[in-house]
Each structure stands twice: as C-alpha cells, then as structure tokens.
Amino acid sequence: MQIIHENSDLLVIDKEPGITIEELTSNLLKRYSFLKDLPRAGIVHRLDKDTSGLLLIAKNVDSLNSLQKEFKEKKVEKKYICLVIGKTENHGEIKTLLGRNPNNRLKQKVYSFTEPKVGTTREAITEYKKIKEFKDYSLLEVKIQTGRKHQIRCHLSYINHPIAGDNMYGFKNQTCPKELSRQFLHAKYIKIKNKEFFSELPKDLKKVLDNLI
C-alpha cells in the first residue's frame with residue numbers, strides 16, 4: 001500500500017489496480033490489527049478491482065461515523081480521470097437512477113425517472129469535462145455527486161462513451177488503446193472537510209496516453 005496520508009484518525013492510500021477490496025482488507029488487518037473491530041476494516045468507500053487511486057480508511061469509530069456522515073450529506077468531493085471511447089461533448093451531466101441489472105447481477109443498469117424499475121434504484125449524478133481529445137478517444141475529468149456501484153462506468157456507457165478497456169460496460173468489438181490491460185479509470189482527487197488529497201496518474205495509464213499522441 002502506498003500511504004498518502006496518515007494520522008490517528010485517518011489513513012489515505014493510493015490503491016493499485018488489480019487489488020480487490022477483500023484483498024485490501026486482508027492487507028490492512030495484517031498491518032493494523034485493531035481495524036478488525038471496525039466494519040469493513042474502516043474502509044469508508046469502494047474502488048473497483050481495476051480502478052486505481054485514492055481510498056479513505058477510518059482508524060476508529062468516531063472517524064468512521066464522521067466520514068460516513070460526510071458522504072451521506074454529499075460533502076465529500078471526488079474527482080476521477082478516465083479515457084473514453086469516441087469524442088464527447090466538452091462537458092456534461094448525467095442524472096439517472098441506477099439499479100442492479102436484472103439480466104446480469106454483476107452489472108448495474110440505468111433507469112430513467114419515468115420508466116418501470118426492477119428492484120431497488122437510487123439516484124446517480126455524474127458530471128464530466130473534457131481535458132483532451134484524441135483521434136478515437138476523449139480524456140475526461142469526472143466528478144460524482146453520488147457514489148453508486150459502477151456509477152462512472154455505467155453512466156459513461158449509457159451516453160455511448162464507455163471507458164477504454166472496460167470489458168463489463170464496453171461495447172462489442174470496441175477499440176482499445178495499445179498496452180491498456182485494464183479499464184482506464186483513476187481516482188485522482190478527494191476532499192474531506194478542509195483536507196485535500198491528490199494522486200498522480202499511474203505509470204501504466206501515462207504510457208497509454210503517450211502512445212496516443
């Protein structure tokens with residue numbers, strides 16, 4: 001684990017791709033055995049296995065409750081970098097309901113606010129702005145106002161710009177940049193109260209961009 005910040009209440013790590021939350025939990029408990037007394041070993045939010053970047057871990061109950069309250073009240077600011085298929089608008093907002101896909105329980109499905117729903121759905125809001133445009137791709141900064149499962153991946157696929165390398169939400173036979181072996185999604189920034197944390201784009205994703213220039 002690459003530790004970005006640590007004090008008596010909080011641990012901020014830079015998660016590598018390919019690590020599941022279960023594997024991360026095991027690693028945390030080996031190093032911080034007292035986290036066994038906290039739900040999910042103090043992990044406040046989630047990142048998908050192949051998503052890299054910043055993750056918050058509370059080190060005590062008071063810190064966990066405080067952070068969970070901030071997330072619930074939408075006071076936490078999170079930004080991601082992603083490379084998507086095609087040329088997007090310069091900026092946009094995606095606002096829908098998200099729920100489990102009835103045809104594939106591993107995936108999420110977008111529902112409009114008026115169509116019939118299957119199971120439980122929750123509002124999801126994703127904002128994006130284009131940083132750079134390539135021949136077949138767009139590099140985006142994405143800000144989420146809600147933290148639903150697979151929200152960014154599902155929302156970008158919904159507007160016909162799936163994340164490059166995303167095998168779950170990507171389209172059949174979609175192009176993929178050379179040497180990209182995972183979804184191009186990185187949690188680069190998080191702000192809680194008056195504290196800000198940053199994570200540089202990993203080397204593997206930088207290399208992909210260099211090959212597109």
Side-chain angles (χ1 to χ4, degrees), residues 1-83 108 124 126 128 131 139-154 156 163-166 168 180-209:
M1 295 181 296
Q2 182 179 353
I3 297 174
I4 301 295
H5 170 83
E6 184 174 9
N7 59 26
S8 59
D9 295 317
L10 178 67
L11 180 66
V12 184
I13 67 167
D14 202 344
K15 186 183 95 62
E16 294 183 1
I19 305 296
T20 65
I21 290 296
E22 290 73 24
E23 290 170 320
L24 178 61
T25 299
S26 177
N27 291 338
L28 281 169
L29 292 176
K30 289 177 183 177
R31 185 164 181 171
Y32 305 93
S33 59
F34 59 86
L35 291 178
K36 69 180 184 301
D37 297 324
L38 296 177
R40 290 170 48 185
I43 299 173
V44 184
H45 58 112
R46 299 180 72 92
L47 289 177
D48 296 334
K49 176 182 175 181
D50 288 326
T51 300
S52 54
L54 297 172
L55 199 62
L56 304 178
I57 296 101
K59 295 176 72 175
N60 53 62
V61 173
D62 289 342
S63 176
L64 180 61
N65 291 339
S66 176
L67 287 167
Q68 287 177 334
K69 183 180 179 183
E70 280 194 69
F71 272 94
K72 186 176 182 179
E73 295 176 352
K74 299 181 181 179
K75 293 180 178 179
V76 177
E77 185 176 348
K78 294 193 292 181
K79 294 179 182 178
Y80 297 73
I81 292 287
C82 63
L83 186 74
Q108 297 294 100
T126 303
Y128 68 88
I131 300 172
L139 186 67
L140 306 181
E141 179 185 86
V142 176
K143 180 179 177 181
I144 56 174
Q145 295 187 25
T146 52
R148 311 306 180 206
K149 182 179 180 181
H150 297 176
Q151 176 176 324
I152 297 174
R153 299 165 63 192
C154 189
L156 291 174
I163 294 175
D166 189 343
M168 180 173 285
L180 180 61
S181 58
R182 61 166 171 122
Q183 63 211 24
F184 196 119
L185 182 60
H186 178 71
K188 72 160 191 172
Y189 171 87
I190 193 163
K191 180 179 180 181
I192 52 172
K193 295 182 180 177
N194 295 320
K195 295 179 180 178
E196 295 179 294
F197 304 102
F198 302 85
S199 170
E200 296 256 344
L201 196 66
K203 291 180 180 179
D204 66 322
L205 300 186
K206 284 182 179 178
K207 188 173 183 180
V208 169
L209 292 183

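Residues take their numbers from the sequence shown, with the count starting at 1.
Separation of atoms NZ (Lys59) and CG (Asn7) is listed at 7.0 Å; rounding is to 0.5 Å. The structure places NZ of Lys75 at 9.0 Å from NZ of Lys193, a figure rounded to the nearest 0.5 Å. Rounding to the nearest 0.5 Å gives a distance of 14.5 Å between CG of Leu35 and NZ of Lys30. Between the CG atom in Leu28 and the CD1 atom in Ile57 there is a gap of 5.0 Å [rounded to 0.5 Å]. Interatomic distance, Glu196 CD to His5 NE2, rounded to the nearest 0.5 Å: 13.0 Å. If you take CG on Leu201 and NZ on Lys206, they are separated by 6.5 Å, rounding to the nearest 0.5 Å.
Between Ile192 and Phe197 the shortest side-chain heavy-atom distance falls below 4.5 Å. Asp14 places a side-chain heavy atom less than 4.5 Å from the side chain of His186. The side-chain heavy atoms of Lys143 and Tyr189, taken from C-beta on, include no pair separated by under 4.5 Å. When side chains are defined from C-beta on, Asp9 does not count as touching Asp62, because their heavy atoms never get closer than 4.5 Å. Residues Leu55 and Val44 form no side-chain contact, since every pair of their non-hydrogen atoms from C-beta on lies 4.5 Å or further apart. At a threshold of 4.5 Å between non-hydrogen side-chain atoms, the residues Arg46 and Asp48 do not count as touching. No side-chain heavy atom of Arg31 sits under 4.5 Å from any side-chain heavy atom of Leu11. Val61 is not listed as a side-chain neighbour of Leu64, based on a closest heavy-atom distance of 4.5 Å or more.
No side-chain donor-acceptor contact under 3.5 Å links Arg153 and Thr51.
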Between Phe198 and Ile4, is a side chain to side chain contact (heavy atoms under 4.5 Å, CB included) present by the stated rule, with each step listed? CA-CA 8 Å; Phe198 302 85; Ile4 301 295; over 6 Å; no

Applying side chain to side chain contact (heavy atoms under 4.5 Å, CB included), run through Ile81 and Phe184 and close with a yes or a no. CA-CA 8 Å; Ile81 292 287; Phe184 196 119; 4.2 Å; yes

If you apply the rule side chain to side chain contact (heavy atoms under 4.5 Å, CB included), what do you find for Met168 with Gln183, and how did you get there? CA-CA 9 Å; Met168 180 173 285; Gln183 63 211 24; over 6 Å; no

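Each of Leu185, Ile163, Ile131, Leu156 was compared with Leu140 under the side chain to side chain contact (heavy atoms under 4.5 Å, CB included) criterion, and only Leu156 meets it.
Smallest separation of non-hydrogen atoms from Leu47 and Ala187: CD2-CB, 4.1 Å. Closest non-hydrogen pair, Phe71 versus Leu56, comes out as CE1-CD1, 4.1 Å. Minimum interatomic distance between Glu23 and Ile19 (heavy atoms only, all atoms of both residues): OE1-CA, 3.5 Å. Residues Ile3 and Tyr32 approach most closely at CD1-OH, 3.7 Å, considering heavy atoms. Across all non-hydrogen atoms, the minimal contact from Leu54 to His45 is O-CE1, 3.6 Å. Closest heavy-atom contact between Val142 and Cys82: CG2-SG, 3.6 Å.
Around the NZ atom of Lys79, the shell of radius 6.0 Å holds more than 12 heavy atoms that belong to other residues, nucleotides or ligands. In this structure, Glu77 places its CD atom where more than 12 heavy-atom neighbours from other residues, nucleotides or ligands lie under 6.0 Å away.
Proximity of a side-chain donor or acceptor of Lys15 to a complementary backbone N or O of Lys49 within less than 3.5 Å is detected. Side chain of Arg182 to main chain of Asp50: a donor-acceptor pair is present (N/O by atom type, distance under 3.5 Å, no hydrogens or angles). Put simply, the side chain of Thr25 gets close to the backbone of Ile21: a donor and an acceptor are under 3.5 Å apart.
Glu16 pairs by the side chain to side chain donor-acceptor pair (under 3.5 Å) definition with nothing, not counting sequence neighbours. Partners of Lys74 under the side chain to side chain donor-acceptor pair (under 3.5 Å) rule, at least two apart in sequence or in another chain, do not exist in this structure.
By the 4.0 Å N-to-carboxylate-O rule, Lys188 lies close enough to Glu141 to be salt-bridged with it.
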